[in-house]
Amino acid sequence: MTGPATLGPMPSADLRLNPNAAHPPFAWFIGVPTDWSLLDTNPQSWRLSAERTVDDRFHGRQLRAAERRAVLGFIEQLVADCQRAGAALSLLQLGRLSSGSVGSAGLHLGWFDSGPDLAGLTLVRDALPRTGTVTEIDAPVGVGLLHRDTALTVPPGGTGRVRSAVFQLYLPVAGTTWTAVLSAATPHTELEPVLEELIAAVAGSIELAEPDD
């Protein structure tokens, strides 16, 4: 798996936001990593989509049956987590780590409405855990906070608890009651700097549409 990819627009024909998740009433743009895949969380289609994604991602490269089952198990748990969390948009990355093992990661976007209170950093700071580190992130729609921490979690498809790096970025949209919430986690140490840079880049790409767009 490589470093952060170039961000670009997702073709609208391929983009299906979760209709059951919260969405702001205004139009917005976001750049997504071009070498990541959209995660299908639709109950009727996610399994077939997951199998197609795995086959496409490892096309021409040998993937042992046990590895394929583990990756599909990861995606199954990831889909369930996204459905429960109400993620509006989820992305998936699959590939080989430097050790030769199969690595996977997810990146998720959700929206939070703090109405009638305007979105702002005060509300975000009050909700942040006291552990971990916090970094300010500048974006076209305002200033966000990236919270990084570690936790013992059971990775999707796993059976035991492992140390994972957890990233959550809160980006209040200035002048509105809405906050974009980006999240990612990985138990793979070599992916930590990749995810940290990527989540900040994606947040920095969020923009509001002009009235004529």
Side-chain angles (χ1 to χ4, degrees), residues 1-10 18 21 30-41 50 53-54 57-58 67 70-71 73-82 84-112 124 127-129 131-139 141 143-158 161-171 179-206:
M1 300 176 75
T2 60
T6 302
L7 299 185
M10 180 68 68
N18 181 355
I30 188 171
V32 298
T34 55
D35 67 339
W36 286 52
S37 302
L38 282 170
L39 180 65
D40 184 354
T41 59
T53 297
V54 172
R57 197 64 181 174
F58 293 97
E67 291 178 325
V71 172
F74 167 83
I75 297 176
E76 180 176 11
Q77 186 60 54
L78 196 61
V79 168
D81 291 344
C82 292
R84 284 194 297 268
L89 175 65
S90 296
L91 302 169
L92 175 69
Q93 174 67 290
L94 301 171
R96 292 280 183 185
L97 299 172
S98 59
S99 63
S101 62
V102 175
S104 50
L107 178 65
H108 317 288
L109 168 70
W111 287 96
F112 172 70
V124 173
L128 286 178
T131 58
T133 61
V134 178
T135 306
E136 286 195 359
I137 301 294
D138 290 323
V141 297
V143 178
L145 294 180
L146 172 59
H147 178 255
R148 172 176 176 161
D149 207 348
T150 58
L152 291 177
T153 63
V154 179
R161 291 181 177 273
V162 298
R163 174 203 169 277
S164 293
V166 181
F167 303 94
Q168 288 191 304
L169 198 156
Y170 302 84
L171 180 60
T179 297
V181 182
L182 288 155
S183 60
T186 179
H188 307 296
T189 303
E190 70 179 83
L191 293 184
E192 292 178 16
V194 174
L195 284 184
E196 185 168 11
E197 184 175 343
L198 180 61
I199 197 171
V202 172
S205 75
I206 297 177

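Bear in mind the structure is a predicted one, so any value in this text is a computation, not a measurement.
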Does a side-chain heavy-atom distance below 4.5 Å link V202 with P33?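 Side-chain contact under 4.5 Å: yes.
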
Sequence neighbours left out, what passes side-chain hydrogen bond (donor to acceptor under 3.5 Å, both in side chains) with [X]? Give chain and number order.
| X | value |
| --- | --- |
| E67 | R64, R96 |
| T131 | D149 |
| S99 | S101 |
| S90 | H108 |

Starting from the C-alpha separation in whole Å, work towards a yes-or-no answer on side-chain contact (heavy atoms from CB on, under 4.5 Å) for Q168 and L182. CA-CA 6 Å; Q168 288 191 304; L182 288 155; over 6 Å; no

Between [atom1] on residue [X] and [atom2] on residue [Y], distance to nearest 0.5 Å:
| X | Y | atom1 | atom2 | result |
| --- | --- | --- | --- | --- |
| H147 | S183 | NE2 | OG | 13.0 Å |
| L89 | I30 | CG | CD1 | 6.0 Å |
| E197 | F167 | CD | CZ | 11.5 Å |
| L91 | L39 | CG | CG | 8.0 Å |
| L152 | S164 | CG | OG | 8.0 Å |
| L146 | T133 | CG | OG1 | 7.0 Å |

T186 side chain to H188 main-chain N or O, any donor-acceptor pair under 3.5 Å?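 Yes: the side chain of T186 pairs with the backbone of H188.
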
Set of residues satisfying side chain to side chain contact (heavy atoms under 4.5 Å, CB included) with respect to A85, sequence neighbours excluded: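 A85: no side chain to side chain contact (heavy atoms under 4.5 Å, CB included) contacts found.
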
Taking all non-hydrogen atoms of both residues, which atom of [X] and which atom of [Y] are closest, and how far apart?
| X | Y | answer |
| --- | --- | --- |
| L94 | V54 | CD1-CG2, 4.0 Å |
| G86 | A21 | O-CB, 3.1 Å |
| S205 | G31 | OG-N, 2.8 Å |
| A88 | W111 | CB-CD1, 4.4 Å |
| I199 | L169 | O-CD1, 3.8 Å |
| G144 | L171 | N-CD1, 3.7 Å |

Check the pair L38 / D40 against side-chain contact (heavy atoms from CB on, under 4.5 Å), numbers first and verdict last. CA-CA 6 Å; L38 282 170; D40 184 354; over 6 Å; no

Could you check S37 against Q93 for side chain to side chain donor-acceptor pair (under 3.5 Å), going step by step and ending with a plain yes or no? CA-CA 6 Å; S37 302; Q93 174 67 290; over 6 Å; no

By salt bridge (Lys or Arg N to Asp or Glu O under 4.0 Å) - contacts of E192 (at least two apart):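 For E192, the residues satisfying salt bridge (Lys or Arg N to Asp or Glu O under 4.0 Å) (neighbours in sequence not counted) are R148, R163.
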
Sole candidate of V124, I137, D138 that passes side chain to side chain contact (heavy atoms under 4.5 Å, CB included) when paired with V143: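 Of the listed options, the one satisfying the test is D138.
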
Test W36 against V32 for side-chain contact (heavy atoms from CB on, under 4.5 Å), laying out the working first. CA-CA 8 Å; W36 286 52; V32 298; over 6 Å; no

What verdict does the side-chain contact (heavy atoms from CB on, under 4.5 Å) test give for Y170 and L128, after you've listed the backbone C-alpha separation in whole Å, the side-chain angles of each residue and the deciding distance to 0.1 Å? CA-CA 10 Å; Y170 302 84; L128 286 178; 3.6 Å; yes

